[in-house]
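Each remark here refers to the structure printed beneath this line.
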Amino acid sequence: MPRYDAKRIEPKWQTFWDQHQTFKLGSIDPSKQKLYVLDMFPYPSGAGLHVGHPEGYTATDIVCRYSRMKGKQVLHPMGWDAFGLPAEEYAIRTGTHPAVTTAKNIETFKRQLKSLGFSYDWSREFATTDPDYYRWTQWIFLQLFDTWYDAEHTWTGPDGVTRTGKGRPIAELPIPADVASQGQEAVRRYQDKHRLAYQHEAPVNWCPALGTVLANEEVIDGKSERGGHPVERTPLRQWLLRITAYGDRLANELEDLHWPESIKLMQRNWIGRSEGAEVDFWIGGFGREPSSSTSSRSGGRESPGSAATAQLSADSRGESNQGAHAPRSEEFGEWKVARAKTGFPKEPSNDVLRIYTTRPDTLFGATYMVLSPEHPAVDRLTTPEQQAVVDAYRQQAAMKSDLDRTDLAKDKSGVFTGGYAINPINGEQVPVWIADYVLISYGTGAIMAVPAHDVRDCEFAEKYGIPIMWVVEPPQGYEYSKEELTFPLERKIDVLYPFTGEGKAIHSSIYNGLKTHVFKAKITNDLAENGLGRRAVNYRLRDWLFSRQRYWGEPFPIWHELDANGQPTGLMRVDDEASLPVRLPEMADFKPTGTPEPMLSKAPADWLCKTTVDGVRLKRETNTMPQWAGSCWYYLRFADPKNDQQFLDPAIEKACLPVDLYVGGAEHAVLHLLYSRFWHKVLFDRGLVSTCEPFQRLVNQGMILGEVDENGRAEKMSKSRGNVINPDTVVDEFGADSLRLYEMFMGPLEAVKPWSMKGVEGVSRFLARVWRMIADELHEEAVRLNPAVQDVPPSAEQLRVLHRTIKAVTNDIESLGFNTAISRMMEFVNEFLSSEVRPRAVMDPFVLLLSPFAPHLAEELWELLGHTTTLAYEPWPTWDEQHLIETEVEIPVQINGKLRGKVKVPVNADQPTLEAAAKSDPTVASQLEGKTIVKTVVIPGRMINFVVK
RNA sequence: GCGAGAGUGGCGAAAUUGGCAGACGCGCUGGACUUAGGAUCCAGUGCCUUAAUCGGCGUGGGGGUUCGACUCCCCCCUCUCGCACCA
C-alpha cells in the first residue's frame with residue numbers, strides 16, 4: 001500500500017469518472033464561455049494505439065482539464081475514422097467482414113484510450129461507418145450535388161470581408177436560352193455539368209490488384225503505396241468535387257487562421273494560384289500547306305545579345321516566311337480584324353490554339369508551341385507525314401502514369417506534329433509539337449514555348465534544335481553563370497541556359513525597353529482589346545477525384561437512369577433525404593472484380609436496381625466515397641451526434657463551433673485539412689454553418705522517433721526496425737500518468753523527439769516523489785497522509801515557491817509549453833521534499849496544478865487530503881504577485897561584458913548602492929585594480945556592467 | 001533545384017523586450033543506508049587548466065552591430081520536412 005502504485009490508483013479513478021460521467025458535457029449554456037478542443041480522430045488499425053497518438057491526445061487533455069477548472073464549457077469528443085482499405089484488405093485475405101474487423105479494432109483502441117485517462121465525453125462517440133453517421137455524409141454529398149458555384153456573386157461575410165464567388169442552389173443556375181429551348185433533358189444535363197459534385201471521364205490511376213483507382217498521393221513510383229502493386233492509367237468515368245472553384249477562398253482565407261505558417265504555406269503551394277494570360281494562336285483551317293521543315297528557319301543557337309538574335313527580329317522573321325505561306329498570312333489578317341470586333345470568345349474556337357502563360361511579356365520569344373499529347377487539336381494539326389510518329393508518341397504517353405511523366409530523371413521528349421500556328425502578336429509562324437511535359441490537366445493543355453526564358457522549354461529546344469530567341473534583357477550585373485544550367489537535377493545543359501527573372505524587353509517591337517511587370521500588364525491589356533487574349537488565373541489544385549471502387553466506404557445516394565436497352569442515359573436521380581442512409585449491401589465475397597468495375601456491382605439485384613413509379617429503370621451508382629469523406633465533417637457532428645432530424649442543429653452549431661484548438665499530425669496538411677475546409681465553405685455558402693472556417697487554431701504534434709542508437713541517431717518507429725513502443729507495455733510497467741507526463745516532458749509538443757525508456761523512468765520517479773511528499777510511505781497497511789503535511793500557515797518562502805509555480809505552470813499551459821510546466825512542478829517538489837513541514841494550504845493547490853498532467857495520481861492525493869469530490873471542476877489556483885516579491889536579489893557583475901562576480905543587494909537598491917556593492921566584491925575589485933572605468937551600465941534589479949580600459 | 005524549419009553538455013532539452021548560457025530530466029562519478037539494489041537519500045557533473053581557487057574557452061563555421069549577442073544583421077556549412085516539368 002505505501003508506495004506509489006499506479007496499478008491500484010488508475011483503474012480506480014477511471015471507473016469513478018465513468019460512473020459519475022464526470023466529463024459529459026450536457027447542453028451548452030450560451031452565457032458561459034465554450035471551448036471546443038479536438039484531436040484528429042484515429043483510424044482504428046489492427047496494430048492498436050501507437051505512442052504517437054497519446055502525444056497529441058495528452059496535450060489536448062491537459063488543455064481541456066485546465067479549461068474546465070477555469071470554468072469553461074469544454075467540448076472534447078472522440079470517435080473513429082473507420083472506413084478504409086486495410087479492413088477491406090483483411091476481409092479479402094481472411095473472409096472476415098470489414099464491419100467485424102472494424103468493431104474489434106475500435107474496441108481495442110477505446111480500451112487503450114480509456115487506460116490513459118483522457119477526459120473525453122464518450123457519450124458523443126461515433127464511427128464514420130455507423131449508418132446513423134454516414135447517412136449525413138451522404139446527405140452532405142447531396143448538398144454538394146445540389147450546389148453550383150456562382151463565380152460572379154459578390155457578398156459580404158460575417159467577418160465583414162467582401163468576397164466574390166459563392167455556392168448556390170442548382171435551381172438558381174441561370175439556364176441559357178438555347179439550352180432551355182432544347183427541353184427538360186438538356187436543362188438537366190446542363191445543370192449536371194455545373195454541380196460541385198459531377199462526373200467526368202479522365203485517365204486515372206487504376207490498380208488492378210487492389211481493385212480500385214487511387215489518388216495521386218496514394219501512388220509512389222508507379223506502384224500502389226499499399227502492397228506495391230503496379231498502377232495503370234485508364235480513362236474512367238469518375239466522380240469529382242469541384243474544389244478548384246474554391247481555390248481563391250481556400251488560399252485567401254488561410255490568412256487569419258492561427259495555424260503553423262508551414263502548413264498555411266503548404267496549402268497555398270498546393271492550391272498553386274498563378275496569374276497570367278490566355279492567348280489564342282491562330283491555326284486557321286490547318287493541314288493544307290504543311291511547312292517544309294524547321295530547318296528553313298535560322299535554326300542556329302543564339303547566345304544572349306548576339307547579332308544572331310537581332311537578325312531574327314520580329315519584322316524580318318515575318319517577311320522571311322511571307323512567300324511560302326502568303327495565303328495563310330492573308331487569312332490571318334482577316335481573322336485578326338474579325339477578332340478585334342467579336343472580342344475574345346469564352347471557349348476557344350476550332351481555328352485557334354489557346355495557351356496559358358504567366359509570362360505574356362515573352363510572347364515575342366515564342367519559337368514553338370507544345371500541346372499535351374491528349375490535346376483535342378492534335379488530330380487536326382498533324383500532317384500525314386507526321387501521323388505515324390504522333391500516334392506512336394500519344395500511345396506511349398497514354399501508358400505512362402502521371403508520376404512517370406513528371407519524373408525529372410527522364411529526358412524531355414516530344415514529336416513535331418507537322419503543323420504550324422501563328423503568333424497573334426507578330427504574325428510569326430511557329431511549329432507545333434506535342435510533348436508529355438505539357439499536362440492536359442493544367443491551364444489549357446497547350447503552351448507557347450519560350451526557350452530563352454523558360455528552363456523546360458530551353459532543354460526541349462536544345463534537344464530538338466529549335467531556335468532560341470532572347471526577348472528579356474537581364475538587369476545590369478547579371479552573370480550568365482554556367483552553374484545555372486543545371487537542370488534537371490545533376491544533368492547539365494552546357495550550351496545555353498534560360499534567363500527566367502525579370503528584366504527589360506528586347507526584340508519585342510513597340511514594347512522594347514519596358515520592364516517585365518509593366519510589359520506584362522500592358523500586353524495583356526492590348527491583347528484583350530484586340531480580342532486575342534485575356535487575363536487568366538490558374539491553379540495547380542485539381543478537382544478532387546471522389547470515387548473509389550471499394551466496398552468499405554459510403555455508397556453514393558445516386559441512381560442512373562437506364563434506357564430501354566438497359567444502357568445508362570447519363571441522367572441521374574438522387575435518393576431523397578428520407579430514404580437515407582443508403583446502406584452498404586451485405587456481401588460475402590470481397591475479392592476485387594479484377595476490372596475497374598466497382599465491388600458494389602456484385603451487390604444483390606434488389607440493392608442495385610429499381611423502377612420508378614413512372615416506369616423509369618434505375619441502376620445504383622456502385623462507386624463508394626473515399627475515406628476522406630467521413631473525416632471531412634466529423635467535427636461538426638460531435639456537436640450534435642445523436643440528432644436524427646438534421647446533420648447539425650443550427651443553434652448548437654452556433655454555440656459549439658468553430659473548433660478552437662485542433663491537434664494532429666502534419667501529414668494531413670494538404671489532404672484532410674484542405675478537404676474539410678472545402679466542405680465547410682460549401683456548407684457555409686448553403687447557410688448550414690455560420691463560420692467560414694472550421695478550425696481556428698491548429699497545432700501539429702511532432703513525430704516520436706525510436707530510441708537514440710549508439711551512433712547518436714534516432715529513426716522513425718517501424719515494425720521492420722523493431723523499435724516500436726507499445727503504449728500498453730509502458731502503462732503496464734509505469735502507469736498511464738507516467739506515460740502522459742513523459743510524452744509531455746520529452747520536449748516541445750511540435751518538435752520531433754526520440755523516445756527514451758530511461759526518460760519514462762525519470763518522470764515515474766518524479767510521480768513517486770510527489771506521492772511521498774503527500775502520502776505516508778512508511779505506514780505499511782493503509783494510505784495515510786504524510787505527517788509532514790500539516791494544517792499550519794505556510795512560510796513566506798513556501799508561499800513564494802507555490803505562487804511562482806502557479807504562475808509558471810498556468811502560463812506554460814496557456815502557451816502549450818508542457819515540458820517546462822512539468823519542470824517547474826519538479827522544482828516545487830524538490831523544494832518541499834526537503835521541507836519538514838508541508839502546509840496543507842500549499843499541497844492542495846499543487847495537486848490541482850498537477851491534475852491536468854497526472855489526473856489519476858492527483859485525484860488520489862486530492863482524496864487523501866480530505867476532499868470528497870472530484871477535482872475536475874475545482875477552481876484553478878491563482879497566483880498573487882505580492883508573494884513573488886523578494887527582498888534581496890543576486891545581481892551579476894560584469895566587466896567589459898564578462899561575468900566577474902555576483903552581489904546580493906536589496907531588491908530596490910539604487911545605482912550608487914549597487915555600484916558600491918559591486919566594487920566591494922573581492923574578485924571584481926581585483927579585476928578593476930589599475931584600470932579606469934569608462935562607463936557603467938546598470939539595469940536596476942538585473943545586472944551591472946563596468947566598461948574599463 | 002525551389003520552399004520552410006532547425007543546429008546549445010555524453011543524451012532529451014531550458015533561457016521575458018539583447019542582460020548570470022545549460023533550468024528540469026536522463027546518464028555518469030563519489031558517498032550514505034543495505035544480505036542485495038534497476039529502491040531511496042546526499043554531494044558533484046559544459047570543456048581546458050588546477051590540489052582547489054584564480055583563469056581561459058564555450059550555443060554549427062566566419063564576419064558585423066552593441067557596454068553586453070543562443071537572441072539582431074551579412075556570408076557559409078550541415079540536418080530534417082515539404083514540393084518537385086503546373087507553363
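Labels below follow one simple rule: chain letters A, B, ... track the order of the sequence lines, proteins then strands, and each chain is numbered from 1. Bear in mind the structure is a predicted one, so any value in this text is a computation, not a measurement.
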Inset, instruction - Tell me, with the steps shown, if A:Asp454 and A:Arg359 meet salt bridge (charged side-chain N to carboxylate O under 4.0 Å, His left out). - result: CA-CA 10 Å; A:Asp454 182 280; A:Arg359 290 294 299 269; over 6 Å; no
Legend entry - ring-ring contact (aromatic ring centres under 6.0 Å, His included) between A:Phe460 and A:Tyr437, intermediate numbers included: CA-CA 10 Å; A:Phe460 192 84; A:Tyr437 80 91; 5.4 Å; yes
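For A:Arg900, the side-chain atoms get nearest to B:G56 when compared with the rest of B:G56, B:C26, B:A4. When distances run from any side-chain atom of A:Arg765 to the nucleotides B:C20, B:G82, B:G27, the shortest one goes to B:G27. The side chain of A:Thr358 sits closest to B:A87 out of B:C57, B:A87, B:A21.
Among the atoms of the strands shown, only primed sugar atoms or phosphate atoms (P, OP1, OP2) are found under 4.0 Å from some heavy atom of A:Thr923. When heavy atoms are screened at a 4.0 angstrom cut-off, A:Thr357 is found touching the sugar-phosphate backbone but no base atom. Residue-level contact check: A:Arg769 touches the backbone only, with heavy atoms under 4.0 Å from sugar-phosphate atoms and none from bases. Here A:Asn269 lies out of heavy-atom contact (under 4.0 Å) with every strand. Using a 4.0 Å heavy-atom criterion, one finds that A:Leu265 contacts the sugar-phosphate atoms exclusively. The residue A:Ser274 sits close only to the backbone: its heavy atoms come under 4.0 Å of sugar-phosphate atoms, none of a base. Backbone-only contact: A:Asn830 has heavy atoms under 4.0 Å from sugar-phosphate atoms and none from a base. As judged by a 4.0 angstrom heavy-atom cut-off over every strand, A:Arg273 is placed among residues making no nucleic acid contact. Within 4.0 Å of A:Gln894, counting heavy atoms only, lies at least one base atom of the nucleic acid. A:Gly759 comes within 4.0 angstrom of no nucleic acid atom, judged by non-hydrogen atoms across all strands. Heavy atoms of A:Met943 sit under 4.0 angstrom from at least one base atom. Counting any heavy atom pair closer than 4.0 Å across all strands shown, A:Arg772 reaches sugar-phosphate atoms only and no base atom.
When the C1' atom is used for both B:G22 and B:C73, the distance is 26 Å, rounded to whole Å. B:U16 sits 22 Å from B:U65 when the C1' atoms are compared, rounded to a whole Å. Taking atom C1' on both nucleotides, B:A14 is separated from B:G25 by 11 Å, rounded to a whole Å. For the P atom pair drawn from B:C48 and B:G58, the interatomic distance equals 15 Å after rounding to whole Å. Spacing of P atoms, B:U8 relative to B:U59, comes out at 11 Å, to the nearest Å. To the nearest whole angstrom, the two C1' atoms, one in B:G55 and one in B:C70, are 24 Å apart. With P as the reference atom, B:A84 and B:C74 are 30 Å apart, rounded to whole Å. Here, B:C41 and B:A23 have their C1' atoms 22 Å apart, quoted to the whole Å.
Taking atom CD1 of A:Ile263 as the reference point, atom C1' of B:A4 lies 11 Å away to the nearest angstrom. Remark: P of B:A23 and CZ of A:Arg804 are 14 Å apart, rounded to the nearest angstrom. In this structure, the CE atom of A:Met703 is 19 Å from the P atom of B:G5, given to the nearest Å. To the nearest angstrom, P of B:A87 lies 14 Å from NZ of A:Lys412. Look at NZ on A:Lys904: it is 14 Å from C1' on B:C20, rounded to the nearest Å. Rounding to whole angstrom units, CG of residue A:Leu767 and C1' of B:U40 are separated by 16 Å. A:Glu667 has its CD atom 16 Å from the C1' atom of B:U80, to the nearest Å. Protein atom CG of A:Leu899 is 15 Å distant from nucleotide atom P of B:G19, rounded to whole Å.
Side-chain contact, A:Arg769 with A:Asn830: a donor N or O sits under 3.5 Å from an acceptor N or O. Side chains of A:Ser413 and A:Tyr393: a donor on one and an acceptor on the other come within 3.5 Å. Checked by atom type, the side-chain pair A:Tyr742/A:Thr58 shows no donor-acceptor distance below 3.5 Å.
The existence of a salt bridge linking A:Arg824 and A:Asp812 is excluded, since no basic side-chain nitrogen approaches an acidic carboxylate oxygen closer than 4.0 Å. Between A:Lys412 and A:Glu459, at least one side-chain N (NZ, or NE/NH1/NH2) sits under 4.0 Å from a carboxylate O, which counts as a salt bridge.
At a threshold of 4.5 Å between non-hydrogen side-chain atoms, the residues A:Val801 and A:Thr805 count as touching. No side-chain heavy atom of A:Arg542 sits under 4.5 Å from any side-chain heavy atom of A:Leu240.
The side chain of A:Arg3 places no N or O atom within less than 4.0 Å of a non-bridging phosphate oxygen (OP1 or OP2) of B:U40. Distances shorter than 4.0 Å separate none of the side-chain N or O atoms of A:Gln927 from OP1 or OP2 on B:C54. Dashed line: the shortest gap from a side-chain N or O of A:Lys935 to OP1 or OP2 of B:G68 is not under 4.0 Å.
The one candidate from A:Asn896, A:Val934, A:Val893 that meets the side chain to side chain contact (heavy atoms under 4.5 Å, CB included) condition with A:Phe946 is A:Val893. Of the residues listed (A:Lys753, A:Gln701, A:Arg740), the one engaging A:Glu55 in a side chain to side chain donor-acceptor pair (under 3.5 Å) is A:Lys753, and it is the only one.
Partners of A:Asp280 under the salt bridge (charged side-chain N to carboxylate O under 4.0 Å, His left out) rule, at least two apart in sequence or in another chain, are A:Arg339, A:Arg354.
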Inset, instruction - Would you give a per-nucleotide map of nucleotides 6-18 of chain B, 5' to 3', where B means the base has a protein non-hydrogen atom under 4.0 Å away, S means only the sugar-phosphate does, and - means neither? - result: ------BSS-BB-
Legend entry - Dot-bracket encoding per residue of RNA chain B, Watson-Crick/G-U cut-off under 3.5 Å, | denoting interstrand: (((((((..(((......[....)))((((((.......))))))(((......)))..(((((..]....))))))))))))....
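Shortest non-hydrogen contact noted between A:Pro892 and A:Lys902 is CA-CG, 4.2 Å.
Take the nearest nucleotide of RNA chain B for A:Met826 and for A:Phe946: the residue whose nucleotide is more 5' is A:Met826.
Contact annotation: side chain of A:Lys902 to base of B:C20, donor-acceptor pair present below 3.5 Å.
In B:G61 the base sits anti relative to the sugar, since the glycosidic angle is further than 90° from 0.
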